[in-house]
Amino acid sequence: MFVQELVLKQRTEILHALCSSGSAEHLERVLDILLAKGELMWEDYQNIQVPGRALYTNARQLLDLVYAKGVDSCGFFLAAFKQVLPEVQGVGLPLSGCCSNLEEKEENQSTSAQTLLTQRPSLVSKLQGCIDGALEALVISGHFTSAECNEVSLPIHTPSQQARRLLDHVRSKGESAAKVVLKYIQQKQESGSPLNEEKFTPPKEFLKYQKKLSSSVSAQSCFLSTYGGTSHMSLDDIYTEGQLELAHDCADVHGPLGLEDIVSTVGTANEQADTVLVSGEAGSGKSTLLQRLHLLWARGAALQEFLLLFPFSCRRLNSEHRELSIQELLFQHCCWPDREQEEIFQFILDHPHLILFTFDGLDELKQSFSDEHRLCCPTQRAPVHILLFNLIQGSLMKGVRKVVTSRPEAVGPVLKKHLHKEVLLKGFSPSGIDCFVRKHHSDPTVATKVLESLQTNTALLGLCHSPVLCWIVSQCHKELLGCGEGSPQTITDVYLMILQHFFQHQSSLKSTVGLGWLQEHLKTVLHLGQLAFEGVGATCYIFSDTDLETCGVTEKDICMGFLIQSKDMSSTHSKRYEFLHVTIQCFFAALYIVLSNNTNRSTIPKLFENKDMMETDLTSACLRSCLPSSYQQEWALESEATAAETANLQITATFLSGLLSQRHQSLLLHCCPSGMLEKRAGQVVRCLSKGMQKHFKSIPQPIEGEKKSMHAMPDFVWLIKCIYEMQESRIAKEAMSKLQVDHLKLTYCNIGPVECTALAYVLQHLRNPVGLELDNNSAGDVGVEQLLPCMHICNSLYLRNNNITDEGIRKLIAKGIQCDNFRKIALFNNKLTDACTKHFSHLLKTKQDFLSLRLGNNNISAEGAKQLAEGLQFNHSLRHLGLWGNKIGDAGAEALARALDSSKSLVWLSLVGNGVGSAGACALANIVKNSTSLEELWLTENCITRTGVECLIEALEHSAHVKSIWLRNNDLSLEEVKEMTQRESRLIF
Ligand code: ADP
């Protein structure tokens with residue numbers, strides 16, 4: 001009661017102390033502390049801090065409130081008051097006795113938003129010096145608008161008030177905004193050391209150079225090139241986070257990575273190496289991701305531990321034929337120092353850890369990576385690819401961090417040896433697609449319509465995981481929304497849509513209705529097609545005026561928007577062009593093969609055998625024979641196909657299959673004779689069939705007693721995708737009629753939703769049921785939904801580590817229940833929770849021939865186990881049940897034990913690592929005792945004590961079936977283990 005009276009009696013003094021200076025700072029600091037302690041609710045705080053109201057009124061409101069709340073609140077208030085105004089004791093407040101503990105809670109908060117509250121006082125002080133940076137981070141992450149920034153940083157506010165306004169705004173934005181702020185503060189704190197300017201002072205010219213470089217990098221990266229031909233889209237407005245994952249397992253890293261983790265120490269695989277590889281398929285967003293990193297660095301919003309960032313495009317480096325030194329490479333290709341070149345370069349050499357190089361598209365370099373030609377001297381001249389390879393492996397400029405992007409095909413073991421880590425870019429997540437579409441359309445109703453239409457066409461939704469396709473679909477929203485039932489299904493459909501879209505939007509001609517549009521623009525298609533085709537054959541992605549002329553590309557063709565001017569930091573070249581995206585180049589190449597009279601008969605077979613095509617003999621290489629002479633010279637120098645070449649030929653072949661499908665005949669018939677089309681389509685079908693045969697022939701004969709199994713070779717998925725593009729079930733059926741295996745293994749095959757669609761389309765025609773093993777891919781829920789059409793042919797489905805959630809399971813099981821062959825499922829390491837167990841329970845009740853259910857390493861608790869138990873109780877077929885690494889605890893184990901008590905089918909049960917104690921073990925002992933089938937019980941890594949083991953020993957006395965009970969790592973002493981092993985040899989410790 002004493003403190004409450006004190007607040008009342010000393011009211012005038014307290015008010016005076018808090019408010020007489022005229023500054024709200026004291027009051028606000030007290031409020032910070034009370035909020036952090038949870039003594040003030042957010043609503044209370046808002047009632048006190050009414051903007052524009054007199055300071056005294058606010059303070060009175062606070063005093064009234066704490067008084068009304070009672071003794072504890074008054075105690076906290078006085079303690080906070082004392083902390084903020086320690087000198088006030090002299091005024092007559094006997095505060096010494098009312099010091100409640102005001103230390104900030106250090107324990108982990110469950111959410112970032114909570115942390116913002118509980119750490120508020122220290123966050124206010126940390127934020128004061130870096131409000132602008134924090135605001136920028138919030139703008140970049142899309143949480144704050146510039147109007148909100150202005151509101152926060154109004155000059156009438158003191159820095160601490162600005163910090164509080166910022167925190168208040170962030171609170172209203174929710175958890176993800178709170179995360180951004182906390183991460184920003186943490187990075188700010190961590191990045192202190194290398195930038196610590198006391199340690200060294202960069203030379204003045206260096207600082208000028210830094211400024212010049214960063215403004216040039218900023219100018220190069222602020223717009224997205226895909227929009228160059230039509231409109232400008234700033235990267236800030238459209239950038240959407242892609243899914244980044246470590247390529248290798250790392251015990252400390254779970255879940256997705258953030259952009260800055262690319263250069264952080266997170267997931268380091270080889271500390272000695274300096275190169276980080278970002279790998280992803282064409283169109284997965286690698287160049288855009290680098291562009292984003294460049295922009296953030298140039299703006300000072302990220303990567304500030306690096307003073308200089310040198311961006312390179314391997315595509316552009318291909319056209320550098322001189323031998324250069326590193327210094328020339330940096331200065332001529334990125335940014336030229338106006339003065340003191342030597343001094344600046346020396347500074348770079350002396351401070352390698354402050355420098356970052358990025359190399360986009362290593363796969364597009366004409367030479368494949370090799371570490372044979374060593375170079376250590378930074379002043380020595382060498383061909384650019386030799387410089388590049390030596391930089392990557394660290395023999396040149398050791399310590400400089402390098403980020404390299406590439407398609408996965410180009411990443412061989414030699415390169416892997418030199419990697420600090422490898423990060424996979426897996427395109428957009430489902431929420432990323434949502435976010436991108438909303439950013440793309442300023443009108444939210446259009447965005448909603450596009451998203452709704454994607455939900456009704458999940459094959460197309462699957463395609464949208466690839467950012468380049470998501471861009472096309474968004475760009476063509478009118479066509480998409482207008483096409484109703486016939487909306488695109490295949491990648492070729494989507495590219496035809498963008499073709500038509502560009503023609504209709506760029507052309508001055510009145511657009512033709514119906515199918516005549518392609519014919520109307522045939523000349524342009526053939527000009528661009530020839531350029532693309534010859535480029536694909538010669539690993540050429542940048543074209544000069546002369547190249548354009550040779551292929552007859554006119555100014556009007558350029559205006560259509562498929563070609564954009566190539567950005568070049570060195571700006572020493574005349575105008576150069578590239579296709580909007582490499583996949584668009586491949587699409588035009590495919591169009592050319594279909595529509596042109598000039599391609600050779602062997603073009604299609606060579607394209608499908610993409611390796612044979614690369615013989616060095618110029619006379620026999622069909623593509624090369626029609627190349628301009630400048631290409632031929634280059635070509636003759638290179639003997640091997642680079643990875644990009646092969647990948648691009650495969651993409652071209654995929655489009656070719658799509659274009660030559662029956663569905664597009666009526667469109668193409670306007671442009672070329674039907675006989676020719678049929679002939680070419682026939683060639684494609686034969687190539688696909690031949691390709692498949694090659695795979696089937698490679699299947700080894702099974703070892704006796706084992707199943708016949710095929711482990712897919714990399715090209716298998718590509719061939720399947722080509723068949724899907726054709727959309728002719730006759731071809732799919734024919735291809736599958738010759739595949740006779742019991743088990744089809746497609747692990748680590750980069751299978752996402754798009755590949756799932758194609759797989760299901762083709763595999764549904766298999767003659768006999770198979771076990772389909774898709775472990776370690778990224779099917780996700782959309783991919784799972786795509787697989788449903790082939791479920792009836794799967795007797796076992798292995799989907800370990802595939803990013804699947806309860807929603808995916810709901811659909812999968814609903815279908816699985818109707819499939820007679822479906823007997824086994826393995827879902828280790830997905831994102832499953834208790835919400836999925838009711839579906840499994842239903843499955844177990846319904847399917848009395850179901851054999852194996854493995855749900856290890858998910859997030860299933862006692863509740864989930866109880867749900868499962870409900871189904872198990874009625875099931876008489878299940879032989880294997882795996883719940884390793886969940887959290888079912890004693891209650892879950894007891895429920896399962898009750899359901900399985902006298903099971904006559906269960907052979908194997910694993911509850912490893914589930915927090916099961918002796919109560920659970922005693923319950924499970926009943927299964928051991930009563931079941932006539934159980935052979936193995938796995939209880940490793942639980943917390944079972946002697947009591948539990950005694951129950952199990954007792955039960956084993958009644959069981960002849962059980963062969964082993966695994967009990968390693970439980971709560972038992974060495975003596976107990978010894979004694980019990982002697983008593984019962986079937987216990988394994
Ligand atoms: P890659 O280098 O892997 O072939 P790009 O970075 O060139 O892929 O991406 C192709 C197109 O996809 C881009 O031009 C852009 O339109 C879109 N895109 C890619 N990543 C993103 C992203 N993170 N945010 C928004 N759009 C993206």
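Numbers here simply count residues along the sequence, with the first being 1. Whatever order the structure lists them in is the order used to number ligands and atoms, beginning at 1.
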S.K.: So for ligand 1, is Y239 a polar contact partner (N or O within less than 3.5 Å, distance only)?
M.R.: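 In fact, backbone or side chain, Y239 has no N or O that close.
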
S.K.: Please determine whether salt bridge (Lys or Arg N to Asp or Glu O under 4.0 Å) holds for the pair K286 and D363, giving the CA-CA distance in whole Å, both sets of side-chain angles, and the decisive distance to 0.1 Å.
M.R.: CA-CA 12 Å; K286 301 179 295 295; D363 52 335; 5.5 Å; no

S.K.: Check contact between R292 and ligand 1, using heavy atoms of the residue and a distance below 4.0 angstrom.
M.R.: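 The answer is no, since R292 has no heavy atom less than 4.0 Å from ligand 1.
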
S.K.: Who's closest to atom 22 (C) of ligand 1 heavy-atom-wise, of I584, L224, T240?
M.R.: T240

S.K.: Run the numbers for me: atoms of ligand 1, each under 4.0 Å from some heavy atom of F436, listed by number.
M.R.: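 Checking each atom against F436, I get 25 (C), 26 (N).
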
S.K.: Suppose I only count heavy atoms of I238 and a 4.0 Å limit; which atoms of ligand 1 are within that range?
M.R.: 24 (N), 25 (C)

S.K.: Going by side-chain hydrogen bond (donor to acceptor under 3.5 Å, both in side chains), name the residues that satisfy it together with S214, two or more places apart in sequence or in a different chain.
M.R.: none

S.K.: Taking the six-membered ring for Trp and the full ring for Phe, Tyr or His, determine whether the centres of F503 and F562 are under 6.0 Å apart.
M.R.: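 Here the rings of F562 and F503 have centres that are less than 6.0 Å from each other.
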
S.K.: Got a sec, which residues hit side-chain hydrogen bond (donor to acceptor under 3.5 Å, both in side chains) with R401, two or more places apart in sequence or on another chain?
M.R.: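 side-chain hydrogen bond (donor to acceptor under 3.5 Å, both in side chains) check on R401 returns nothing, list empty.
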
S.K.: Under a 4.0 Å N-O cut-off, is there an ion pair linking D434 with K439?
M.R.: no

S.K.: Among P467, G283, G427, which one has a heavy atom closest to atom 1 (P) of ligand 1?
M.R.: G283

S.K.: With heavy atoms of E281 as the reference, note each atom of ligand 1 found under 4.0 Å away.
M.R.: 3 (O)

S.K.: Sort out for me which residue in L388, T358, L330, D360 forms a side-chain contact (heavy atoms from CB on, under 4.5 Å) with F312.
M.R.: L330

S.K.: Quick check: T288 and ligand 1, any N/O pair under 3.5 Å apart?
M.R.: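 It does: an N or O of T288 is found under 3.5 Å from an N or O of ligand 1.
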
S.K.: Would A282 count as a contact of ligand 1 if the rule is a heavy atom under 4.0 Å away?
M.R.: yes

S.K.: Output the list of atoms in ligand 1 that are nearer than 4.0 Å to some heavy atom of W471, sorted by atom number.
M.R.: 16 (O)

S.K.: For salt bridge (Lys or Arg N to Asp or Glu O under 4.0 Å), just list the numbers for E241 and R292, CA-CA rounded to whole Å, side-chain angles, deciding distance to a tenth of an Å, and then say yes or no.
M.R.: CA-CA 10 Å; E241 294 274 324; R292 185 65 179 160; over 6 Å; no

